[in-house]
Amino acid sequence: MHVVVAAPSSGPEAAAAVDVGGVAAAEAERGARPRWTWADTNLWYPGLLRAGVRVDRCHDLRLAHRVLRSSAWSAASGLAQQPAGAWDALPPVPAGGVVPPDDEGGTLFDLEPAPRAAGPGGADAHLDGPACRTELAAQLDAVATSLAPGRLRLLLAAESAGALAAAEMHRAGIPWDSVRHDDVLREHLGARPAPGARPARMDELAAQVRAALDAPTLNPDSLPDVLRALRRTGLAVTSTRSWELRQVDHPAIEPLLAYKKLSRLFSANGWAWLDAWVRDGRFRPEYVVGGVVTGRWGSSGGGALQVPKQVRDAVRADPGWVFVVADAAQLEPRVLAGLAHDDRMAEAGRGTDLYQGMVDTGVVESRAHAKVGMLGAMYGGTTGSSAAVLPRLARAFPASLALVEDAARAGERGDVVTTLLGRTSPRPGASWHETQVLAQSDDADAGAESKARAQTRAWGRFTRNFVVQGTAAEWALCWIAEVRRRLWDLGDADVPGEEARVPAPFTGRPHLVYFLHDELVVHTPAPLAEAVAAQVTEAAAASGRLLFGDFPVDFPVSVGISRSYGEAKDGG
DNA sequence: ATCCTGCGCGCG
DNA sequence: AAAGCGCGCGCAGGAT
């Protein structure tokens, strides 16, 4: 059951003296299955991982607090009714935890929540054992008295499992080949320039742009500068967005687009990035669990969730190891089918390609139409070819389309919407309501009205998407939790003749190294790759059953195995 | 000097 | 084919 951890403070001393042996023993005890309950996973788990200890389950009070405070299903609970307090304002703890000053020190970590004096005026008194117990009791009550205890319990378990996985991925890091990355950069940009200078190839392109626009002092990095120069030569552009520039026929455009592309690579993932983020052959992203309103993860530092395709070839497995890259196929429309209990859409997704299934059943003429149409339905698109196929989709899949329409209407009224497991959208802010009121007053001009209308629709698009993206995030959390457990159960494998570069507790074991909304990457000893691929696939099906029970919607995954991430992803 | 905002683009 | 959702980041330029 819950083992409440006395978390005495968020200072370095908290992590210094973890009773590693006690935790390891409790984890190993047959049938014990402790659920470590702590204020913040990042406060405790990094220290345990550094000591080589993996835990199976936890309850992250901070994350659970956030969910339960805002869920419409637990709105009547004491937890939700009380004014904002210490748990609403916990300082962020970095993914690597807090580094202990040294090894000596007493045992601050107890299996029994020892009452601990926080010291006179201790700012972190709210984090001590008794406070954790009080908070846990309030959370369990909020769940038990909620409109759907089973679903909320699953959400909290999944969120906490995600926190464990995120800490583990940070610990393991993404294997990164700096030499290969440098090759990619030199391929595109030429030699590394001196500090502060631009690569020669970018300089050449800049010169071409200046010549073509007859603007010798043009700074290609300055948007106003570029826009002015383009308009001066008579081009009817309103911005410098690539897709708009591509419509235009002028000799300056090609070098300008090429410059922008290289500039992006150079500044976002160039040599400076490599120096800053890759150490000892690993990129260690900091994941922010629940960092997105919809429940998706965010990241901070290094742009972990935006690794461009260009440099993915630098992601290289250790010698004797490979990546298993798994991608959930058309996750969001499948989730929508499950949410809406839409038998016909589930039927279309019975194979491995839901969009192709829509073509095969005669709903739309091409896969591209199916895709753009569904994206439009889920995002609230109103123009172009997306809007053109919408009526056909509405006729074929009335249940799914009605679900997203209802979510949009709720948002337009200023109401909240809720995902399958209970995560609830935020309410629009005060200025949103002000604009609505203003537009309804007698002296409202046309401008105020159209502004209010645009804002109304925008919030409707947000809630429309929230139910789908948010439930997809829940599916993904369950998937991760399943994969994490199954990988551990696979055990380890000898990788002959190679020095272990994978840190404890994952030495010799397949482990997660990357997660991106509907895709995950496992780094595994090569001999276990096929077993990992099978588990990842089965875990996706298991996640579907956790969320949608007997409703027959499939969640196929495409799996690739390779030593290079880029190749595993598009090679197969 | 430092903070903030808008833009554009990378990812899903 | 080209606009609708969610993000993080770097840069330029204005505000402080």
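Letters go in sequence order (proteins before strands), and every chain restarts at 1.
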*Asks:* Atom CD of Gln330(A) and atom P of dG12(B): how far apart are they, to the nearest Å?
*Replies:*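 Spelled out: CD on Gln330(A) to P on dG12(B) is 14 Å.
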
*Asks:* Is the centre of the Tyr287(A) ring less than 6.0 Å from the centre of the His170(A) ring?
*Replies:* no

*Asks:* Does Val468(A) reach a base, just sugar-phosphate, or nothing at all? Heavy atoms under 4.0 Å.
*Replies:*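 Counting heavy atoms under 4.0 Å across all strands, no contact is made by Val468(A).
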
*Asks:* Please check the phosphate of dC5(C) (OP1 and OP2 only) for any side-chain N or O of Arg461(A) closer than 4.0 Å.
*Replies:* yes

*Asks:* For a quick check of understanding: with a heavy-atom distance under 4.0 Å over all strands, which category does Arg296(A) fall into, base, sugar-phosphate or nothing?
*Replies:*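 Arg296(A): base contact, heavy atoms under 4.0 Å.
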
*Asks:* Asp518(A) has an atom CG; how far is it from atom C1' of dC7(C), in whole Å?
*Replies:* 14 Å

*Asks:* Among the candidates dG10(B), dG13(C), dC7(C), find the nucleotide nearest to the side-chain atoms of Val292(A).
*Replies:* dC7(C)

*Asks:* Looking at Asp313(A), Val311(A), Val513(A), Val325(A), which hits side-chain contact (heavy atoms from CB on, under 4.5 Å) with Tyr565(A)?
*Replies:* Val325(A)

*Asks:* If you compare every side-chain N and O of Ser242(A) against the phosphate oxygens of dC9(B) (OP1, OP2), does one of them come in below 4.0 Å?
*Replies:* yes

*Asks:* For Thr419(A) and Thr471(A), does a side-chain donor sit closer than 3.5 Å to a side-chain acceptor?
*Replies:*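 No - no donor-acceptor pair under 3.5 Å links their side chains.
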
*Asks:* Judged by each residue's nearest nucleotide on DNA chain C, which is more toward the 5′ side, Trp243(A) or Ala268(A)?
*Replies:*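 The residue whose closest nucleotide sits nearer the 5' end is Trp243(A).
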
*Asks:* Looking at every strand, decide which applies to Gly384(A) at a 4.0 Å heavy-atom threshold: base, sugar-phosphate, or nothing.
*Replies:* nothing

*Asks:* So, OP1 or OP2 of dA3(C): does either fall under 4.0 Å of a side-chain N or O from Ser386(A)?
*Replies:*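 Looking at the OP1 and OP2 atoms of dA3(C), neither is under 4.0 Å from any side-chain N or O of Ser386(A).
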
*Asks:* Is there a side-chain contact between Lys371(A) and the phosphate of dA1(C), meaning an N or O under 4.0 Å from OP1 or OP2?
*Replies:* no

*Asks:* Any idea which of dC7(C), dC11(C), dG10(B) is nearest the Val293(A) side chain?
*Replies:* dC7(C)

*Asks:* What's the NZ-C1' distance between Lys569(A) and dG10(B), to the nearest Å?
*Replies:*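 Atom NZ in Lys569(A) sits about 14 Å away from atom C1' in dG10(B).
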
*Asks:* Regarding Arg312(A), tell me which of base, sugar-phosphate or nothing describes its non-hydrogen contacts under 4.0 Å with the strands shown.
*Replies:*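 Answer is sugar-phosphate: Arg312(A) comes under 4.0 Å of backbone atoms only.
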
*Asks:* Tyr379(A) has an atom OH; how far is it from atom C1' of dC7(C), in whole Å?
*Replies:* 11 Å

*Asks:* For a 4.5 angstrom cut-off between non-hydrogen side-chain atoms, does Trp475(A) reach Leu331(A)?
*Replies:* yes

*Asks:* Output the single nucleotide from dG12(B), dC11(B), dC9(B) whose closest atom is nearest the side chain of Gln306(A).
*Replies:* dC11(B)

*Asks:* Looking only at side-chain atoms of His517(A), point me to the closest of dG8(B), dG6(C), dC9(B).
*Replies:*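 Nearest nucleotide to the side chain: dG6(C).
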
*Asks:* Regarding Ser267(A), tell me which of base, sugar-phosphate or nothing describes its non-hydrogen contacts under 4.0 Å with the strands shown.
*Replies:* sugar-phosphate

*Asks:* Between atom CZ in Arg464(A) and atom P in dG4(C), what is the gap in whole Å?
*Replies:*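 After rounding, the gap between these two atoms is 13 Å.
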
*Asks:* Where the side chain of Gln247(A) is concerned, which of dA2(C), dG6(C), dC11(B) is the nearest nucleotide?
*Replies:* dA2(C)

*Asks:* According to the Watson-Crick and G-U wobble definitions, with both distances under 3.5 Å, which nucleotide is paired to dG4(C)?
*Replies:*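 Base partner found: none.
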
*Asks:* Between Gly302(A) and Thr294(A), which residue's closest nucleotide on DNA chain C lies nearer the 5′ terminus?
*Replies:* Thr294(A)

*Asks:* Please tell me if Ser222(A) has a side-chain N or O lying less than 4.0 Å from either OP1 or OP2 of dG13(C).
*Replies:*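 Yes.
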
*Asks:* Among the nucleotides dG10(C), dG8(B), dC9(B), which one has an atom lying closest to any side-chain atom of Thr240(A)?
*Replies:* dG8(B)

*Asks:* Just by distance, with hydrogens left out, do Ser543(A) and Glu482(A) show a side-chain donor and acceptor under 3.5 Å apart?
*Replies:*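 There is no such pair (donor and acceptor under 3.5 Å, judged by atom type) between the side chains of Ser543(A) and Glu482(A).
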
*Asks:* Nearest whole Å is fine: how far is dA2(C) C1' from Leu245(A) CG?
*Replies:*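 Rounding to the nearest Å, CG of Leu245(A) and C1' of dA2(C) are 14 Å apart.
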
*Asks:* Do Ser178(A) and His181(A) meet the criterion of a side-chain donor-acceptor pair at a distance under 3.5 Å?
*Replies:*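 Per modelled atom types, Ser178(A) and His181(A) side chains form no pair under 3.5 Å.
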
*Asks:* Between atom CG in Asp221(A) and atom P in dG6(B), what is the gap in whole Å?
*Replies:*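 It works out to 21 Å between those atoms.
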
*Asks:* Between the base of dG6(C) and the side chain of Gln469(A), is there a donor and acceptor pair under 3.5 angstrom?
*Replies:*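 Donor-acceptor pair under 3.5 Å: no.
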
*Asks:* Of the options Trp277(A), Tyr514(A), Trp273(A), which is the one that meets Trp176(A) in a ring pair (Phe, Tyr, Trp, His ring centres under 6.0 Å)?
*Replies:*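 When ring pair (Phe, Tyr, Trp, His ring centres under 6.0 Å) is applied between Trp176(A) and each of Trp277(A), Tyr514(A), Trp273(A), only Trp273(A) qualifies.
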
*Asks:* OP1, OP2 of dC9(B) versus side-chain N and O of Arg264(A): anything below 4.0 Å?
*Replies:* no

*Asks:* Over all strands shown, is Ser263(A) touching base, sugar-phosphate only, or nothing at heavy-atom distances under 4.0 angstrom?
*Replies:* nothing

*Asks:* Expressed in angstrom and rounded to an integer, what is the separation of Leu223(A) atom CG from dC7(B) atom C1'?
*Replies:* 6 Å

*Asks:* Using a cut-off of strictly less than 4.0 Å, decide whether Lys260(A) has a side-chain nitrogen or oxygen near OP1 or OP2 of dC9(B).
*Replies:* yes

*Asks:* NA contact type, Thr382(A), heavy-atom cut-off 4.0 Å: base, sugar-phosphate, or nothing?
*Replies:* nothing

